[in-house]
J.: 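Pasting in a structure now, in structure tokens, and then I'll have a few things to ask.
The chains referred to below are lettered A, B, ... by the order of the sequence lines, with proteins before strands, and numbering in each begins at 1. Just so it is clear, the values below take in all heavy atoms, side chains as well, and ignore hydrogens, waters and symmetry mates.
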Amino acid sequence: MMLLRLTGNELVKIFGKWRTYLGFLAIGVLLPLVLWGISLGGGEIERNTVRQLRENFIVVGSIFNGFLATYIVMNFLWVHVPFLIALVAGDVVAGEGSAGTLRIYLTRPISRGKILTAKLLASYAYTLMIVLFFALMSLGLGSLWLGTGDLVVRHEGLLILPKSMAWTRFGLSFLFAGAIMLVVASLCFMFSTTVNNAIGPIIGAMAVIVIGLAIAGIPIGFFEQIRPYLFTTYFDLWQQAFYDPIPWGEISRQLAILLAYTVGFLVVSFLIFTKKDILS
Amino acid sequence: MTTPIVRVNGLTKSFQNRRVIDDLSFEIHRGQTYGFLGPNGAGKSTTIRMMLSLVRPDAGDIELFGKSLGAAGQKVLQGVGALVEEADFYEYLSARKNLRLLATMEGVPEKRIEEVITQVGLTEWADEPVKRYSHGMKQRLGIAQALLPSPEFLILDEPTTGLDPRGMKEVRELIQSLHHRGLTIFLSSHLLNEVEQICSAVAIIHRGKLITSGTMDELIRETDLFVTEVHANPQDTAREILADLSFVRHLEQDDSVLKLNIASEDVPRMNAALVESGVEVSAIIPRTRLEDYFLEITEDSREHPE
């Protein structure tokens with residue numbers, strides 16, 4: 001009960017700051033623009049996508065729809081969402097440290113563990129709201145604007161998922177995307193417990209993510225060896241929701257790695273926060 | 001003697017190998033307004049932070065209401081209200097919303113929010129964002145949040161810092177009224193007159209070490225920090241009479257003034273003794289040497305920086 005109250009408090013604080021709305025604003029403005037751009041170039045996308053199909057099949061009708069647009073948006077924009085998460089999750093402890101408000105909270109007869117848990121839950125709630133909003137603005141708006149139909153994705157060639165299956169697959173992919181973003185939120189949260197300024201955790205978390213993604217993309221032997229151990233390697237986990245059949249074994253393995261990272265980040269966060277001297 | 005509300009025992013703390021609190025011990029009893037005096041950088045705020053478990057001591061222990069803070073943890077802070085240094089709040093929220101956030105943490109009823117807002121005189125401004133508040137208003141809100149859980153023991157760390165004389169007076173009057181309502185108050189300050197006006201007991205620290213502590217009367221009796229000046233004629237007769245009074249200590253003559261140590265409750269007896277002996281008493285002025293003492297240790301700090 002108390003944890004619920006504390007988490008509610010944290011959400012009031014998070015949504016009392018203008019920076020919280022930056023993420024929603026960015027998604028709310030940019031995604032419709034990107035969808036509009038995609039709709040303008042829909043013919044070109046369709047031609048490029050079905051070129052391979054036309055060599056062997058007769059393609060009737062259009063494969064360009066809201067589903068394909070959403071799939072394209074997720075491919076291009078998903079790596080940028082961590083920045084929006086970092087804006088809030090990186091600030092949730094450090095921002096209060098620099099503002100001095102943390103010290104008022106920590107002089108109450110409530111354990112630091114509970115206070116930190118409430119902050120974590122609020123950060124996770126914000127993260128999942130961002131993912132949900134991304135889903136609404138891409139899949140929701142895309143399907144309303146551009147219609148629905150079969151979904152054509154690239155996996156070992158071209159794979160056509162029927163319309164009836166596409167909704168479920170998108171649901172799964174956003175669930176996986178949510179899991180990835182919770183790892184990002186946990187990383188930001190860990191950085192947030194280490195310093196007393198809001199910028200440090202944002203830069204720190206983004207630096208880790210950018211370096212991790214670079215390692216995932218550069219074909220060098222050493223990088224290839226360490227790649228399986230980096231959580232950023234699994235940033236494209238959401239794409240596996242569109243494979244046929246869905247590789248549940250591989251997905252479970254990757255989710256377990258992401259979970260291990262999350263637990264690691266949280267253990268470090270709690271160890272730091274429960275022992276640190278509050279000097280601000 | 002009853003169990004003290006606070007017992008600080010052998011408290012020690014270092015930051016980056018620099019000892020900022022060194023084997024500090026003192027006790028605060030129920031009903032006291034306890035002054036914690038020391039120049040800037042003496043370790044007052046660090047001590048307070050340790051009393052509130054914001055900072056962990058390297059050695060020593062703090063007992064609040066008879067329970068060890070180290071062993072029992074944060075729960076011991078039930079019954080404690082605190083304002084540590086400046087009053088920092090969520091600037092984008094109003095005073096009422098800031099207090100509501102704190103109230104919901106501990107299940108404090110809404111009615112109590114209104115009470116403390118009224119108590120600190122912020123009723124008219126309660127719904128304005130804190131960013132529009134003056135420094136004095138923020139300090140008053142700081143005291144309001146400290147009072148919110150209806151504490152028995154109130155810790156105020158330099159509550160008048162940065163206030164204008166009127167604001168200082170208001171805060172001091174508020175502290176005195178809280179004391180009259182039965183709160184035990186721990187007041188950290190580097191302002192001597194503030195502590196003298198408000199406190200019934202005092203601990204003086206310098207460079208993290210306790211210089212002296214006790215009730216004001218004990219300090220008056222046992223140290224030469226508090227002096228009473230007596231302007232009397234004839235002075236020699238007055239000196240002879242005062243020398244025979246058992247409650248007069250450290251009698252000395254300085255030009256045309258007699259200086260001595262005496263508890264405030266003994267002053268009328270001293271005056272009566274002088275007048276009955278035919279001595280004309282033109283003035284009895286309580287003075288403090290705390291200021292000289294402070295200047296001395298502050299000067300010492302400048303000459304031997306840590």
Side-chain angles (χ1 to χ4, degrees), chain A residues 1-22 87-88 91-119 121-122 193 196-198 270-280, chain B residues 13-16 20 45-46 48-58 64-65 67 69 72-94 97-108 129-130 138 141-142 144-146 148-149 151 155 157:
Chain A
M1 192 62 191
M2 178 191 278
L3 197 57
L4 268 181
R5 284 205 303 258
L6 292 176
T7 308
N9 270 2
E10 293 305 326
L11 285 170
V12 167
K13 287 188 259 174
I14 285 176
F15 284 95
K17 286 183 185 173
W18 66 269
R19 72 160 61 196
T20 303
Y21 299 97
L22 272 181
L87 274 179
V88 170
D91 182 60
V92 73
V93 180
E96 289 218 47
S98 65
T101 46
L102 197 58
R103 104 179 151 249
I104 289 181
Y105 261 59
L106 295 183
T107 58
R108 300 290 167 178
I110 295 165
S111 73
R112 288 191 187 191
K114 272 188 188 150
I115 288 175
L116 196 66
T117 304
K119 287 185 178 297
L121 291 177
T193 57
N196 278 337
N197 68 78
F270 277 79
L271 283 177
I272 292 173
F273 189 73
T274 51
K275 293 188 187 308
K276 83 188 284 193
D277 287 338
I278 306 297
L279 300 171
S280 61
Chain B
K13 179 73 182 176
S14 298
F15 290 122
Q16 293 164 341
V20 291
S45 291
T46 305
I48 285 177
R49 282 169 192 265
M50 286 193 275
M51 289 167 72
L52 292 164
S53 81
L54 291 171
V55 168
R56 284 164 209 281
D58 297 332
L64 290 167
F65 307 107
K67 290 178 185 163
L69 188 59
Q74 206 82 5
K75 276 184 286 183
V76 177
L77 293 175
Q78 193 97 43
V80 179
L83 170 61
V84 185
E85 293 186 26
E86 288 200 7
D88 292 309
F89 292 94
Y90 305 104
E91 300 261 324
Y92 49 91
L93 298 177
S94 67
K97 282 184 180 165
N98 267 290
L99 293 175
R100 194 171 287 142
L101 285 177
L102 292 163
T104 50
M105 285 178 79
E106 296 176 74
V108 174
V130 172
K138 283 183 188 170
L141 181 56
Q145 67 77 26
L148 196 63
I155 297 176
D157 186 9

J.: If you count heavy-atom pairs under 4.5 Å between each of B:Leu77, B:Leu102, B:Leu52, B:Leu101 and chain A, which one has the most?
T.: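 Max contact count across the listed options: B:Leu101.
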
J.: Of the backbone (N, CA, C, O) and the side chain (C-beta and beyond), which part of A:Leu106 lies under 4.5 Å from a heavy atom of chain B, both, or neither?
T.: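 Contact with chain B is through both the backbone and side chain of A:Leu106.
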
J.: Go through the atoms of A:Leu102 and report whether side chain, backbone, both or neither lie under 4.5 Å from a heavy atom of chain B.
T.: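 For A:Leu102, there is no contact with chain B at all, as no heavy atom is under 4.5 Å.
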
J.: Compile the donor-acceptor pairs, distance criterion under 3.5 Å only, formed between chain A and chain B.
T.:
unit_1, atom_1, unit_2, atom_2, d
A:Arg5, NE, B:Thr104, O, 2.6
A:Asn9, OD1, B:Thr104, OG1, 2.9
A:Asn9, ND2, B:Leu101, O, 2.6
A:Asn9, ND2, B:Thr104, OG1, 3.1
A:Lys13, O, B:Tyr92, OH, 3.0
A:Lys13, NZ, B:Tyr90, OH, 2.9
A:Glu96, OE1, B:Tyr90, OH, 2.4
A:Glu96, OE2, B:Tyr90, OH, 3.3
A:Arg103, NE, B:Val84, O, 2.9
A:Arg103, NH1, B:Asp88, OD2, 3.3
A:Arg103, NH2, B:Val84, O, 3.1
A:Arg103, NH2, B:Glu86, O, 2.3
A:Arg103, NH2, B:Asp88, OD2, 2.8
A:Leu106, O, B:Gln74, NE2, 2.4
A:Arg108, O, B:Gln74, NE2, 3.1
A:Arg108, NH1, B:Glu106, OE2, 3.2
A:Arg108, NH2, B:Gln145, O, 2.7
A:Arg108, NH2, B:Gln145, OE1, 2.6
A:Arg112, NH2, B:Ser53, O, 2.9
A:Arg112, NH2, B:Leu54, O, 3.1
A:Thr274, O, B:Arg56, NE, 3.4
A:Thr274, O, B:Arg56, NH2, 2.6
A:Asp277, OD1, B:Arg56, N, 2.9
A:Asp277, OD2, B:Lys13, NZ, 2.8
A:Ile278, N, B:Leu54, O, 2.8
A:Ile278, O, B:Arg49, NH1, 2.6
A:Ser280, O, B:Arg49, NH1, 3.2
A:Ser280, O, B:Arg49, NH2, 3.4

J.: Taking all non-hydrogen atoms of both residues into account, name the closest pair between B:Gly81 and B:Pro151 and its distance.
T.: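 That would be N-CB, 3.3 Å.
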
J.: Report the distance from atom CD1 of A:Ile104 to atom CG of B:Leu83, rounding to the nearest 0.5 Å.
T.: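 Going from CD1 on A:Ile104 over to CG on B:Leu83, the span is 7.5 Å.
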
J.: Got A:Phe15 and A:Val88 here, is their nearest side-chain heavy-atom distance under 4.5 Å?
T.: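 Not touching, per the 4.5 Å side-chain cut-off.
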
